[in-house]
There are 2 protein chains.
Amino acid sequence: MATYKTRAQFVADDLRQRILGGEFQGGTQLRQDALARDYEVSRIPVREALLTLESEGLVEFHAHRGAFTTELSVSKIRELFELRVLLETHVLRRAIANLTEADLDEAESILIKYDEALNSGGEIGNWSEYNFAFHKALYAPAKLPETMALISQLNTKSDRYIRMQLLYTQEIEKAEKEHHGLLDFARQGDADQACALLETHIQEACEGIVAVLENRAKTMMQQA
Amino acid sequence: MATYKTRAQFVADDLRQRILGGEFQGGTQLRQDALARDYEVSRIPVREALLTLESEGLVEFHAHRGAFTTELSVSKIRELFELRVLLETHVLRRAIANLTEADLDEAESILIKYDEALNSGGEIGNWSEYNFAFHKALYAPAKLPETMALISQLNTKSDRYIRMQLLYTQEIEKAEKEHHGLLDFARQGDADQACALLETHIQEACEGIVAVLENRAKTMMQQA
DNA sequence: ACAATGCATATTGTATACAACCTGCAATAA
DNA sequence: TTATTGCAGGTTGTATACAATATGCATTGT
């Protein structure tokens with residue numbers, strides 16, 4: 001079901017990737033006309049795509065002035081990651097309560113696939129997706145779809161910054177170790193330790209991003 | 001700023017009210033053509049309004065089949081209210097930490113205004129708004145805008161059912177007492193007790209809604 | 001009788017055309 | 001000089017027109 005993709009959805013999906021990939025600086029205006037030419041469609045599906053992205057927090061509309069990509073302040077990033085801690089530990093705890101062997105294997109297979117991709121090539125272009133896929137697999141047994149939707153939303157909002165962090169720091173291996181740790185605790189059924197690890201995992205990612213952002217702000221000051 | 005309202009926004013706001021007011025059964029199709037005639041606009045702003053409402057979880061789009069009002073299952077309602085407990089106690093705790101007299105007075109004034117409206121007339125049409133306004137005032141000192149946005153989102157999604165509950169049960173006075181209780185605990189700076197009360201406040205509202213829904217389902221079975 | 005197929009109709013999705021509005025600059029007046 | 005007003009150009013917002021798709025019914029064949 002819902003296999004058909006309208007042009008608006010196509011544009012939305014592609015544009016989301018481009019924004020998350022860092023193609024646009026925060027605050028740049030997305031001209032409907034130009035995008036319509038790019039995708040060889042009219043402005044109507046472009047507008048609808050932009051509206052979708054607005055609801056995801058990636059762009060902002062100003063009436064009669066158009067859509068601009070958003071930029072998060074440090075305090076908002078901190079807030080988002082605090083929410084992630086709150087929601088994801090909640091889900092993880094519930095997930096561990098009704099975890100099966102199959103669930104654990106599923107999560108582990110994602111991790112292994114990622115390990116291989118990392119060791120062989122080093123293509124971190126879609127690391128962010130692998131990362132989220134693992135978390136999702138781990139949380140899925142909780143069977144809390146609404147909560148997962150919120151978590152996805154938070155991830156989408158902060159994904160740009162996560163990628164940026166990975167670009168500037170070499171935290172991937174550390175994250176990878178923590179993922180294995182999470183899996184081990186989950187396998188042992190130790191929800192408390194798993195949640196504690198998850199909490200620091202998220203918090204440290206947050207601090208890494210904040211550090212990169214503040215560094216960038218400083219170098220930009222010097223340039224000016 | 002942003003004082004201008006496009007037609008799409010106008011339609012979205014009005015349609016949201018109508019949906020939350022219970023004008024449409026869950027699952028009814030919203031024909032773009034009919035709505036466009038109603039509001040005397042073209043279908044374009046109607047579509048955009050429906051897209052906005054989709055992002056709020058009030059309607060669902062099916063490609064080439066249009067928009068339908070959503071209906072929440074009991075398990076989803078339970079999940080939403082569980083999320084509310086999680087997020088709202090989090091915010092409340094933070095709010096109590098940096099609460100000023102002015103904040104408390106502000107919240108109290110909303111409560112008093114509502115008390116008066118309730119005693120004099122009994123217009124519960126917009127009780128739901130008063131209710132949320134009070135909660136918002138109480139949470140505002142936490143200064144967590146992203147979190148508040150999520151909470152608003154959850155409230156919008158469940159608002160229809162809250163109204164329904166109020167229509168079928170007489171829980172308003174009880175909620176009112178609990179609101180005063182919340183305010184008292186907040187004034188004393190007792191975050192633990194305030195959060196405990198908030199938790200039961202939300203949970204009982206949830207159970208009330210579930211009871212109404214299951215009752216309605218039963219009577220519908222009998223009719224058929 | 002019943003299932004499958006094709007057509008008619010209606011509704012959605014999109015392109016094009018036009019109106020409303022914002023922005024920046026030039027001209028004018030204090 | 002500086003603030004204000006009006007206009008020009010460009011972008012967004014919306015109406016209209018058309019294309020694509022889903023649904024229901026009639027038709028056909030078994």
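Letters A, B, ... are given to chains in the order of the sequence lines, protein chains preceding strands, and every chain is numbered from 1. As the structure is a prediction and not an experimental result, all values here were calculated from the model. All heavy atoms count here, side chains included; hydrogens, waters and symmetry mates do not.
With 3.5 Å as the limit, one finds no donor-acceptor pair spanning the side chains of B/Glu48 and B/Gln9. There is a side-chain donor-acceptor pair under 3.5 Å between A/Thr70 and A/Arg160. A donor-acceptor pair shorter than 3.5 Å can be found between the side chains of B/His179 and B/Asn131.
For A/Arg7, no side-chain nitrogen or oxygen approaches OP1 or OP2 of C/dG13 to under 4.0 Å. For the pair B/Ser42 and D/dT14, the criterion of a side-chain N or O lying under 4.0 Å from OP1 or OP2 is not met. Phosphate contact (OP1/OP2 of C/dT11, side-chain N/O of B/Gln29, threshold under 4.0 Å): absent.
Taking only side-chain atoms of B/Arg65, from C-beta outward, the nucleotide of C/dT12, D/dA22, D/dT14 with the closest atom is D/dA22. Checking C/dT14, C/dG13, D/dT12 against every side-chain atom of A/Gln32, the shortest atom distance belongs to D/dT12.
For the pair A/Gln9 and A/Ala63, both in contact range of DNA chain C, the more 5′-proximal nearest nucleotide belongs to A/Gln9. Between A/Gly66 and B/Glu40, the residue anchored closer to the 5' end of DNA chain D is A/Gly66, taking for each the nucleotide with the nearest heavy atom.
B/Arg31 comes within 4.0 angstrom of the backbone, heavy atoms only, and of no base.
For the pair A/Arg37 CZ and C/dT16 P, the computed distance is 13 Å after rounding to whole Å. Between the C1' atom of D/dA19 and the CD1 atom of A/Ile44 lies a distance of 14 Å, rounded to the nearest Å. The CZ-C1' distance, from A/Phe68 to D/dT11, rounds to 10 Å in whole Å. Atom P of nucleotide C/dT14 and atom CD of A/Glu48 are separated by 6 Å, given to the nearest angstrom. Taking atom CD of residue A/Glu54 and atom P of nucleotide D/dG13, one finds them 10 Å apart after rounding to whole Å. Atom CG in B/Asp33 sits about 15 Å away from atom C1' in D/dC18, given to the nearest Å. C/dG13 atom P lies 13 Å from atom CG of B/Leu35, rounded to whole Å. The distance from atom CZ of B/Arg43 to atom P of C/dA15 is 14 Å, rounded to the nearest whole Å.
In this structure, B/Asp103 contributes its side chain and B/Thr100 its backbone to a donor-acceptor pair below 3.5 Å.
The residues A/Glu56 and A/Arg16 are annotated as salt-bridged, a charged nitrogen and a carboxylate oxygen being separated by less than 4.0 angstrom.
Side-chain atoms of B/Arg47 stay outside donor-acceptor range of the base of C/dG13, with no qualifying N/O pair under 3.5 Å.
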